[in-house]
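Everything on this sheet refers to the single structure shown next.
Quick note: residue numbers are just sequence positions, from 1. Just so you know, ligand 1 is whichever comes first in the structure, and atom 1 is the first atom listed for that ligand.
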Amino acid sequence: MYRITLLATSLTLVACQSPAPLDSSTGADSLESTSSTDGYGSAGYDDPYFPLLGNGGYDVEHYRIVLDVDVATNHIEGFATIDAVADEDLSRFNLDLSGLEVSGIRVNGESASFWREGQELVIVPAMTLSANTPFQTTVTYSGMPEVVPLPGLPIPGIGWMHERELIITMSEPTGAMNWYPCNNHQLDKATHEFEITVASDYVVAANGILNSVQTRGDKQRYHFVASDPMATYLSTVNIGRFDVEELVGPNELPLTFYFPPATKEEIREGFRRTPEMITTLSEWFGPYPFECYGGVVAGAGPPAALETQTLPVYGGKSPGIGVQIHELTHQWFGNSVSFESWRDLWLAEAFASYAQWLWTEKTGDEGSIVETVERYYGYLSEAEHELMGDPGVEHLFGLGVYVRGPVALHALRLEIGDEAFFGTLKAWTSTFKNSAAGAKDFIALAEQHSDRDLAEFFEAWLYSSELPAIPAMNLPAPKAEEPEG
Ligand code: TRP
Ligand code: ZN
């Protein structure tokens with residue numbers, strides 16, 4: 001059994017909360033995750049933190065997820081079509097799926113045998129699949145999704161979540177497998193489409209573009225197409241009673257926001273600043289990477305937001321501008337450019353958090369960025385935290401990533417200057433658009449743009465526990481205080 005223990009967390013909305021010891025397991029059985037030569041696709045990608053996430057032997061190109069949803073009971077009837085290409089001859093392969101009942105699987109139209117081992121759905125096609133050849137798998141399934149536990153997050157679990165008359169889906173890092181069978185790792189991104197049928201008094205909000213809404217009796221079927229390749233943890237389907245507000249962003253970018261009717265006007269006003277935010281962030285990071293954008297205000301659920309692709313979901317209380325900047329920044333950092341292993345999560349969170357400071361620097365909303373960095377640096381110098389570049393699964397969403405991360409980026413900016421710093425950021429988002437990259441790739445780009453050897457700099461910030469000095473700012477600051485999220 002693969003056990004994880006999380007001790008502390010600092011999500012965007014819940015920064016620097018006190019440690020809450022928790023202990024639970026991912027529910028995964030002890031399957032081998034190494035690749036094999038027997039025509040069996042491996043059960044995982046050997047991610048250092050989640051070895052069973054994803055599966056070897058094939059690459060998914062497209063998911064079509066058809067769901068009939070009873071919102072009151074949270075029961076789903078599902079039919080998933082998964083188009084993939086085998087990268088070796090495959091006599092058997094895995095998908096990731098947690099809970100739910102599987103009633104039938106076909107591969108290339110032929111009935112396949114299958115069994116479950118923890119989160120692994122093992123599939124044996126009638127005929128061996130040939131290397132470099134496309135194949136199609138369909139999975140018929142049903143049940144009530146149960147959240148996947150991830151201790152250390154201030155929420156009961158992740159994935160498809162149900163709360164009375166509301167369904168929201170927030171899956172980072174492992175939750176997507178609680179509502180569809182998938183290759184559950186960002187190293188295998190794919191396009192998605194969703195066909196969701198619900199009672200007509202609900203509205204469905206999912207990633208991508210709404211292609212059609214068809215009425216069938218007292219139900220409606222919403223068809224969303226997400227044409228940008230997407231990691232499974234970034235897929236989202238939300239069902240509730242929403243007001244829908246459409247806006248047009250820079251370069252005619254379609255923007256769609258979903259608000260519960262009770263949402264205050266000032267919150268809606270905040271979201272109407274999105275075009276301005278996209279314009280500003282595009283100046284810092286390069287062109288906005290996707291076909292559309294928007295957001296779902298849940299008005300309930302966990303007090304955290306997730307950067308679900310093209311459509312962040314804002315749980316809990318009223319989302320302010322800071323968290324909107326954070327989730328918008330993730331579209332470049334983390335979504336378009338994925339971190340290649342969960343150890344490299346800082347490649348998403350450090351930037352999303354730093355962008356919040358850049359925004360206040362630009363708007364002058366919260367004093368100078370120097371004060372902000374000083375405050376957080378002072379806090380860090382007192383607060384125990386994990387390595388930014390290897391926080392461990394227990395502290396994945398902790399201070400090392402969320403607080404030391406943005407401080408380190410500011411240190412880098414001081415070290416190499418604004419031109420090299422923003423040049424590096426733009427090169428990063430264009431070079432690795434719609435793919436994945438790791439810490440080494442980022443360091444290489446920063447070295448190239450600054451014409452400097454930055455090995456020591458990054459070693460100190462990412463992989464040493466001691467907090468490096470930021471000489472140019474004459475830090476550390478004299479006293480530590482609790483920063484606000
Ligand atoms: N990535 C989110 C953020 O910082 C935090 C997060 C991780 C989260 N996993 C989650 C939020 C699951 C809600 C649910 O923006
Ligand atoms: Zn984030």
Item checked: Closest approach to the Zn ion (ligand 2) by E349, given as the N, O or S atom name -> OE1
Note to self: Which option wins on minimum heavy-atom distance to atom 1 (N) of ligand 1: H330, M170, E172, E327?
What the structure shows: E172
Notebook entry, point to check: Between F351 and W332, does the ring centroid distance fall short of 6.0 Å?
Noted result: no
Next item on the list: Applying ring pair (Phe, Tyr, Trp, His ring centres under 6.0 Å) between F259 and each of Y314, F242, F271, report the one that passes.
Entry: F271
Check: Is the closest heavy-atom distance from P302 to ligand 1 below 4.0 Å?
Finding: no
Note to self: With side chain to side chain contact (heavy atoms under 4.5 Å, CB included) as the test, pick out the partner of M161 among I168, N238, T169.
What the structure shows: I168
Check: So, S338 versus K189: side-chain donor-acceptor pair below 3.5 Å or not?
Finding: yes
Margin query: Can you name the atoms of ligand 1, numbered from 1 with element, that are less than 4.0 Å from a heavy atom of E307?
Written below: 1 (N), 2 (C), 3 (C), 15 (O)
Check: Can you list the atoms of ligand 1 that are under 4.0 Å from a heavy atom of Y402?
Finding: 1 (N), 2 (C), 3 (C), 4 (O), 5 (C)
Checklist line | Proximity to ligand 1 by part of A352, non-hydrogen separation under 4.0 Å | finding: neither
Checklist line | For I158, atoms of ligand 1 separated by under 4.0 Å from a heavy atom | finding: 12 (C)
Notebook entry, point to check: Counting heavy atoms not belonging to D418, are there more than 12 under 6.0 Å from its CG?
Noted result: yes
Margin query: Within ligand 1, which atoms have a heavy atom of I155 less than 4.0 Å away?
Written below: 12 (C), 14 (C)
Margin query: As an exercise, identify every atom of ligand 1 less than 4.0 angstrom from a heavy atom of A304.
Written below: 11 (C), 13 (C)
Check: With ring centroids as reference points, do F333 and Y354 lie under 6.0 angstrom apart?
Finding: no
Note to self: Taking the six-membered ring for Trp, are W346 and Y402 closer than 6.0 Å centroid to centroid?
What the structure shows: no
Check: Is ligand 1 under 4.0 Å from a heavy atom in the side chain of L153, in the backbone, in both, or in neither?
Finding: side chain
